[in-house]
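Numbers restart at 1 for each chain; the letters A, B, ... are given by sequence-line order, proteins then strands.
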Amino acid sequence: MKDLSVGELGMVYELPKGGSVEALQNVSFDLRAGRLLTLLGPSGCGKTTLLNIIAGFLAPTSGSVTLGGDSITGPGQERGMVFQQGALFEWQTVSQNVAFGPRMNRKKRSETETLVRDLLSTVGLQGFGDKAVYELSGGMQQRVALARCLANDPEVILMDEPLGALDALTREKMQGLILKLWQETGKTIILVTHSVEEALYLGDRLFVMAPRPGRIEREYELPFAKEGLDVDPRAMKASPEFIAKREELLSLIWEMEEQIMGHEGAMS
Amino acid sequence: MTVLSRFRPAGRNRSAGARKTVTFGDASEVKGSPSWSVASLIFLFFVWWWIKRGPDPMINDRTFPSLRQSWDAFFELVDIGYRRVGLWDHTWASLWRVLKGLIYGVVVGVPVGFAMGLSNRLRGIFDPVVELLRPVPPLALLPLFIVWFGIGEGSKVNLLFFAAVWIMVIAARAGVLGVHGSKVHAAYSLGASRWQILRYVILPNALPDIFTGMRVALGVCWGTLVAAELTGTTTGLGAMIFAASKFFRMDIVVVSIIIIGVIGVAMDLVMRFLERRLIPWRGKG
Ligand SMILES: Nc1ncnc2c1ncn2[C@@H]1O[C@H](COP(=O)(O)OP(=O)(O)O)[C@@H](O)[C@H]1O
Ligand SMILES: [Mg+2]
């Protein structure tokens with residue numbers, strides 16, 4: 001198990017027409033293995049940028065990211081990624097999608113087949129292996145994406161608004177699945193979301209991020225995810241503790257929005 | 001459901017479930033109408049017949065063959081062929097040239113298009129060649145090609161290759177550039193190497209575009225072919241037209257034109273069929 005360490009990360013995008021955007025400024029944190037961190041914040045506060053740097057798709061302007069002491073310089077299979085949508089391979093069946101990682105690693109075919117079958121039943125897709133991915137609903141497609149990511153047994157799973165395109169009901173079910181996977185596999189997960197409720201329910205740690213420049217505004221340690229599977233999710237989300245935290249976060253975010261609006265008003 | 005109802009024109013049946021009140025401007029409601037297409041074809045033959053029965057002395061059996069003459073000419077072609085070559089052999093000669101031109105175009109064009117979609121340097125190198133030669137009508141090159149590749153098969157197949165290759169380059173490049181960044185990223189995070197990304201992500205992602213390119217190229221090649229067969233060969237539907245025109249056999253010219261049109265339609269139908277079978281994921285990404 002490897003800990004993740006993000007040190008004084010800065011990211012400046014140079015714009016083609018001149019000028020620049022400071023997408024991240026001095027972002028630092030340590031994440032012990034096996035924790036579930038949720039990132040919450042208005043669009044443009046650098047959540048995707050942060051995730052892409054940890055995934056190794058982007059090199060930061062300054063600072064560094066290390067996983068288990070090794071610094072990250074490019075993509076690697078110890079860091080799996082789940083996107084909002086559109087990242088499944090539509091020319092492959094569900095099984096082929098899940099088997100993609102092992103196949104790229106030239107794993108034994110029979111072992112891969114067993115693994116794929118197990119993973120499909122873990123995410124609740126037993127019997128769907130031979131379907132084309134475009135025949136599945138959005139929620140089922142995200143189940144495939146989770147299974148595909150797990151097939152390579154990564155240390156860290158990065159999810160960029162994985163449930164953002166789903167309807168409210170499917171979303172609740174998928175939140176349960178993510179919690180279950182987290183508790184069963186003990187993986188480190190970083191999950192980006194726009195939903196305050198989702199960030200509170202899933203996060204065992206939570207960062208509220210703020211834009212211009214993108215930074216971590218506030219940190220929380222949360223109890224809900226650890227209990228999440230043992231109690232009824234609706235009851236938990238209706239509990240006074242949960243509601244108090246939700247209102248606290250909402251007013252914090254509202255405050256930030258007001259500042260942004262005020263800032264933009266002053267510019268125009 | 002009776003057997004017959006399956007053949008009823010779509011227009012009658014389709015709104016049985018939900019009757020839309022807004023259909024004008026709704027693309028999903030415009031599917032064509034087989035019965036009107038049949039009527040239109042019949043009308044075309046009627047116009048042909050009607051022109052023939054007019055009093056204009058310029059329109060006689062020599063300059064403007066009748067339906068009957070063309071019908072007879074078709075069976076003459078089927079039975080004994082033209083200039084000792086059977087109709088099927090003429091047709092096959094043309095098809096084979098087009099096929100060869102297309103295959104060479106795909107074999108050269110797809111890798112070049114991929115290179116242009118994957119590397120700045122190769123894009124820079126190929127851009128001037130592609131952009132300069134793409135707008136040139138293939139026939140403008142026929143004199144040069146005859147000198148370079150001989151008057152026979154060489155110049156014809158090369159000309160068709162020229163007609164196909166730029167289309168394939170552009171199609172393959174578009175296919176590569178159309179790949180969603182998150183698919184490539186996902187593949188890297190799953191441990192794929194560059195080569196594996198090319199083989200298992202970029203290529204299948206580009207196949208629908210490549211196939212569309214092949215359909216377009218096939219049509220363009222077929223259209224270029226007749227002119228390419230103008231000289232240097234005694235076989236092919238184009239050659240048949242020009243030989244027949246020398247002997248003023250306008251009936252054979254007319255039949256050849258119809259055959260060329262029908263084969264063009266048939267080839268497109270075959271390509272569409274193959275597309276549905278081979279690339280069912282088209283447009284589903
Ligand atoms: N490739 C890019 N080029 C220039 N600016 C970018 C680029 N990607 C993101 N940005 C800018 O960086 C900021 C953070 O973006 P992003 O990380 O996507 O935020 P989030 O995911 O939180 O919405 C935004 O202001 C965005 O406009
Ligand atoms: Mg984002």
With 3.5 Å as the limit, can you list every donor-acceptor pair between chain A and chain B, backbone and side chains included?
from   : atom 1 : to     : atom 2 : distance (Å)
A:G86  : O      : B:K183 : NZ     : 3.1
A:E90  : OE1    : B:K183 : NZ     : 3.3
A:W91  : NE1    : B:Y200 : O      : 3.3
A:M104 : O      : B:Q196 : NE2    : 3.0
A:Y134 : OH     : B:P280 : O      : 3.4
A:N152 : ND2    : B:L190 : O      : 2.8

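In this structure, the portion of A:L88 lying under 4.5 Å from any heavy atom of chain B is its backbone and not its side chain. Using a 4.5 Å cut-off between heavy atoms, B:P208 does not touch chain A at all. Both the backbone and the side chain of B:V201 have a heavy atom closer than 4.5 Å to some heavy atom of chain A.
Looking at residues two or more places apart in sequence or on another chain, you find no ring-ring contact (aromatic ring centres under 6.0 Å, His included) involving A:Y13. With sequence neighbours left out, the ring-ring contact (aromatic ring centres under 6.0 Å, His included) criterion links B:F161 to no other residue.
When each of A:A145, A:A151, A:A87 is scored by its heavy-atom pairs under 4.5 Å with chain B, the top score falls to A:A87.
The stretch residues 107-114 of chain B places none of its residues near chain A, where near means some heavy atom under 4.5 Å from a heavy atom of that chain.
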